[in-house]
Amino acid sequence: MPELPEVETTLRAISSFSGKKILSSKVNNPNLRWKVNKNFDSIIRNIQIKNIHRRAKYIIFSFKEFYLLLHLGMSGTIRIANKSSNYFKKHDHVELVFKDQKIIYNDPRRFGSMHIIKDLDSHFLLSNLGPEPLSKKFNSKYLNHLCSSSKTSIKSFIMNQKNVVGVGNIYASESLFMAKISPLRPASSLKLDECKALVKSIKAILRNAINAGGTTLKDFYSADGNAGYFKVRLKVYDRESKKCKRCDALINKIIQNQRATYYCNKCQS
DNA sequence: CGAAAAACCTGGCAGC
DNA sequence: TGCTGCCAGGTTTTTC
């Protein structure tokens with residue numbers, strides 16, 4: 001489900017909890033991608049959240065002496081409920097209880113995680129991540145330099161979080177379409193001006209998706225319960241055999257690294 | 001070593 | 001109705 005825009009949308013929906021105190025918590029199922037800490041509740045109860053921010057597709061709650069790392073995986077969502085609400089959904093794994101409300105983490109496939117860690121920079125899940133796509137560090141010179149030594153396809157290259165974070169399967173296809181670059185091209189074959197176009201496209205696609213509140217395909221809803229509206233703006237993803245929105249060809253679907261890729265064979269080269 | 005494939009899970013849907 | 005097989009927005013681990 002969530003790529004960077006969906007994570008960013010989720011972050012914004014819960015950012016008002018920054019500064020608030022967690023009164024208690026409830027772990028219904030600790031068996032997530034990374035096991036929820038054994039003494040989770042005793043660690044986290046009665047402490048104040050200093051701030052909440054995002055790094056790559058992780059949402060990070062900072063406390064005085066540790067951090068709570070949240071990843072939504074493929075199917076995770078956060079929702080905000082009234083504290084008194086007893087409405088329980090299947091796959092509600094962890095709840096953080098505040099004075100009036102609670103934050104509930106739901107994830108059918110359990111590819112996501114929620115656990116407490118001591119350090120951020122040295123943590124193995126965070127230490128090998130590439131630059132944020134919307135930062136100045138992610139620019140054409142950087143991409144061109146990194147590309148030059150990789151012969152993997154440009155599509156899987158930009159989905160590799162070591163190279164740049166936040167670009168998942170949907171936005172990889174969309175970005176390459178906007179940049180008019182074939183997803184099959186070896187990364188090392190990209191010229192500087194193509195890297196420039198690709199960087200520009202990735203930034204534009206992600207910004208647009210964030211502004212639309214993310215993409216809802218199957219099960220993504222923001223924590224405020226709203227669907228994301230970026231789906232209506234998708235140009236190639238999930239449009240196999242439909243007419244290209246830029247020329248008259250039909251959109252192709254291929255499988256790269258076991259993931260679906262959509263592209264126009266005529267205007268992407 | 002880098003790159004590709006498998007693995008972790010559940011739910012939904014197409015086809016029989 | 002119900003079974004089987006396949007697909008899904010991610011990322012780590014294993015294999016080649």
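The shown structure was predicted, so the numbers you read here are calculated from the model rather than taken from an experiment. Labels below follow one simple rule: chain letters A, B, ... track the order of the sequence lines, proteins then strands, and each chain is numbered from 1.
- Pairs of residues two or more places apart, or lying in two chains, that qualify as salt bridge (charged side-chain N to carboxylate O under 4.0 Å, His left out) and include a residue from residues 186-211 of chain A are R185(A)-E194(A).
- The interatomic distance linking K162(A) (NZ) with dG10(C) (P) rounds to 17 Å, in whole Å.
- Of the side-chain N and O atoms in H91(A), one or more sit less than 4.0 angstrom from OP1 or OP2 of dG11(B).
- Residues passing the side chain to side chain contact (heavy atoms under 4.5 Å, CB included) test with S25(A) are F40(A), D41(A), I44(A), L96(A), sequence neighbours excluded.
- When the ring-ring contact (aromatic ring centres under 6.0 Å, His included) test is applied to Y262(A), the partners found at least two apart in sequence or on another chain are Y237(A).
- Between Q256(A) atom CD and dA5(B) atom P the separation is 11 Å, expressed in whole Å.
- Residue pairs that meet the ring-ring contact (aromatic ring centres under 6.0 Å, His included) test with at least one member in residues 74-95 of chain A, sequence neighbours left out, do not exist here.
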| request: Could you walk me through whether V236(A) and K245(A) pass the side-chain contact (heavy atoms from CB on, under 4.5 Å) test, one step at a time? | output: CA-CA 8 Å; V236(A) 283; K245(A) 299 202 171 182; over 6 Å; no
Please tabulate, one pair per line, each protein N/O and nucleotide N/O from nucleotides 12-16 of chain C that are separated by under 3.5 Å, including the distance.
from: dT12(C); atom 1: O4'; to: R33(A); atom 2: NH2; distance (Å): 3.1

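- Look at R109(A) and you won't find any side-chain N or O under 4.0 angstrom from OP1 or OP2 of dG9(C).
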| remark: Under the rule of Watson-Crick or G-U wobble with both distances under 3.5 Å, where | means paired to another strand and [ ] a crossing pair, DNA chain C maps to .|||||||.|||||||
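- Not counting sequence neighbours, Y142(A) has no partner by the ring-ring contact (aromatic ring centres under 6.0 Å, His included) test.
- Per the geometry, CG belonging to N128(A) stands 13 Å off C1' belonging to dT11(C), to the nearest Å.
- dC9(B) and dT14(C) have their P atoms separated by 14 Å, with the value rounded to a whole Å.
- Not a single donor-acceptor pair, N or O on each side, falls under 3.5 Å between the base of dA4(B) and the side chain of Q258(A).
- The stretch residues 139-160 of chain A touches DNA chain B through S150(A), K151(A), T152(A), each having a heavy atom under 4.0 angstrom from the strand.
- Residue E240(A) contributes atom CD, which lies 14 Å from atom C1' of dC6(C) at whole-angstrom precision.
- At a threshold of 4.0 angstrom between heavy atoms, the contacts of K90(A) are confined to the sugar-phosphate backbone, with no base atom among them.
- Distance L69(A) CG to dT11(C) C1': 13 Å, rounded to the nearest Å.
- Taking atom CD of E6(A) as the reference point, atom C1' of dG9(C) lies 7 Å away to the nearest angstrom.
- Taking the six-membered ring where the residue is Trp, the centroids of F98(A) and F17(A) are separated by under 6.0 Å.
- Under the side chain to side chain donor-acceptor pair (under 3.5 Å) criterion, D92(A) pairs with R79(A), N106(A), not counting sequence neighbours.
- Contacts of S269(A) classified as side chain to side chain contact (heavy atoms under 4.5 Å, CB included), with partners at least two apart in sequence or in another chain: none.
- Among residues at least two apart or in separate chains, side-chain hydrogen bond (donor to acceptor under 3.5 Å, both in side chains) pairs with a member in residues 56-65 of chain A are N51(A)-S62(A).
- If you take CG of L32(A) and C1' of dC9(B), they are 11 Å apart, rounded to a whole angstrom.
- Rounded to an integer number of Å, the gap from D107(A) CG to dG9(C) C1' is 12 Å.
- Residues passing the ring-ring contact (aromatic ring centres under 6.0 Å, His included) test with F111(A): none are found, sequence neighbours excluded.
- By the stacking rule of 5.5 Å between ring centres and under 30° between planes, F111(A) stacks on the base of dC8(B).
- The pair K266(A)-D248(A) meets the salt-bridge criterion, since a charged nitrogen lies less than 4.0 angstrom from a carboxylate oxygen.
- Rounded to the nearest Å, the gap between the P atom of dA6(B) and that of dC6(C) is 13 Å.
- A donor and an acceptor atom, one from each side chain of S182(A) and Q268(A), are nowhere located under 3.5 Å apart.
- The base of dC9(B) lies outside donor-acceptor range of the side chain of R110(A), with no N or O pair under 3.5 Å.
- Across the P atoms, dG9(C) and dA3(B) are found 22 Å apart, a figure rounded to whole Å.
- For dG9(C), neither phosphate oxygen OP1 nor OP2 lies less than 4.0 angstrom from any side-chain nitrogen or oxygen of Y171(A).
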